[in-house]
Amino acid sequence: MVLSTGTNKIKTALFISGKGSNLKSLIKFSKLKKSPISINLIITNNKLAKGLKYARIFQIKKKIINFKNEEIAEKKILNELEKNKIKLVCLAGFMKILSKNFVKNFKGKILNIHPSLLPKYKGLNTHKRALENKDKYSGCTVHFVNSNLDSGKIILQKRVRILKKDTADSLAKRVLAQEHKLYPNAILKIFNL
Ligand code: GRF
């Protein structure tokens, strides 16, 4: 990865649409001495996103972006990223697909966390699909974002065993607990830490 850690932490933006539990875990991680990143901006397409509360609690700047017109929305976001000197973007439950143009503008500097063992189960309802297929394992993946959905280079994965009694919800809960460790570890990995 071309970014250097230098003496200052890498200014990072988190994109969320919902609960923001991965956001919370990354904020906690960012405050550790060993973390190469600081979280300076939270972007959401959803003004009702529960995770926005962490902007208040941890005093992080937030921007709510209306995605009615995606082209305008992305222009606004790119402008915010530039204004805030953001060098890394972490998607964490962000429910919009970024355009090829946006990804090109931030090439190699956008990460995503996905609740499956990619390349299996790109897209939605990953745990339901793993259960329907009677898989032995589900899990999660942190990967670079390219212009195809959930298809960029994989950084780290964690397997989670599927239990007989599992429902999509119970499985999602156990995988989410692993996501909270995997995302920080993937960030350490891309900075060779
Ligand atoms: C996570 O399962 C993540 O893998 C997926 O969306 C969910 C977001 O959860 N992309 P949260 O908002 O971080 O709690």
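Just so you know, ligand 1 is whichever comes first in the structure, and atom 1 is the first atom listed for that ligand. The figures here come from the full heavy-atom set of this structure, side chains too, leaving out hydrogens, waters and symmetry mates. Small disclaimer: the values here were computed from a predicted structure and weren't measured.
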| query | Which residue holds the protein heavy atom closest to atom 5 (C) of ligand 1, what is that atom called, and what is the gap in Å? | reply | P115 CD, 3.8 Å

| task | Decide whether L176 and I187 are clustered together by the hydrophobic rule: side chain heavy atoms of Ile, Leu, Val, Met, Phe, Trp, Tyr closer than 4.5 Å, transitively. | result | no

| request: Among residues two or more places apart or on two chains, list those pairs meeting side-chain hydrogen bond (donor to acceptor under 3.5 Å, both in side chains) that have a residue in residues 22-37. | output: N22-E179

| Mind checking whether N112 has an N or O less than 3.5 Å away from an N or O of ligand 1? | no

| query | Considering only protein heavy atoms, which is closest to atom 6 (O) of ligand 1, and at what distance to one decimal place? | reply | G93 CA, 3.5 Å

| message | Please enumerate all residues that pass ring pair (Phe, Tyr, Trp, His ring centres under 6.0 Å) together with Y54, with sequence neighbours excluded. | response | none

| request: Report yes or no: does a heavy atom of G51 sit under 4.0 Å from some atom of ligand 1? | output: no

| field | Side-chain heavy atoms of F15 within contact of I77, under 4.5 Å | value | yes

| message | Pairing donors with acceptors under 3.5 angstrom, does anything connect the side chains of S151 and N146? | response | no

| query | So, is L176 polar-close to ligand 1, with some N/O to N/O distance under 3.5 Å? | reply | no

| said: Tell me whether K128 is salt-bridged to E132, with the criterion being a basic N under 4.0 Å from an acidic carboxylate O. | reply: yes

| To which protein heavy atom is atom 14 (O) of ligand 1 closest, and what is the distance rounded to 0.1 Å? | S21 OG, 2.5 Å

| said: Suppose I only count heavy atoms of K19 and a 4.0 Å limit; which atoms of ligand 1 are within that range? | reply: 12 (O), 14 (O)

| request: Among all protein heavy atoms, pick out the one at the shortest distance from atom 2 (O) of ligand 1; state its residue, atom name and that distance to 0.1 Å. | output: E179 OE2, 2.9 Å

| query | Tell me: protein heavy atom nearest atom 12 (O) of ligand 1, and distance? | reply | G20 N, 2.8 Å

| request: Before signing off on this row, confirm whether I113 and ligand 1 have an N or O atom pair separated by under 3.5 Å. | output: yes

| Steps toward side-chain contact (heavy atoms from CB on, under 4.5 Å) verdict (L98, F106) | CA-CA 11 Å; L98 297 167; F106 237 74; over 6 Å; no

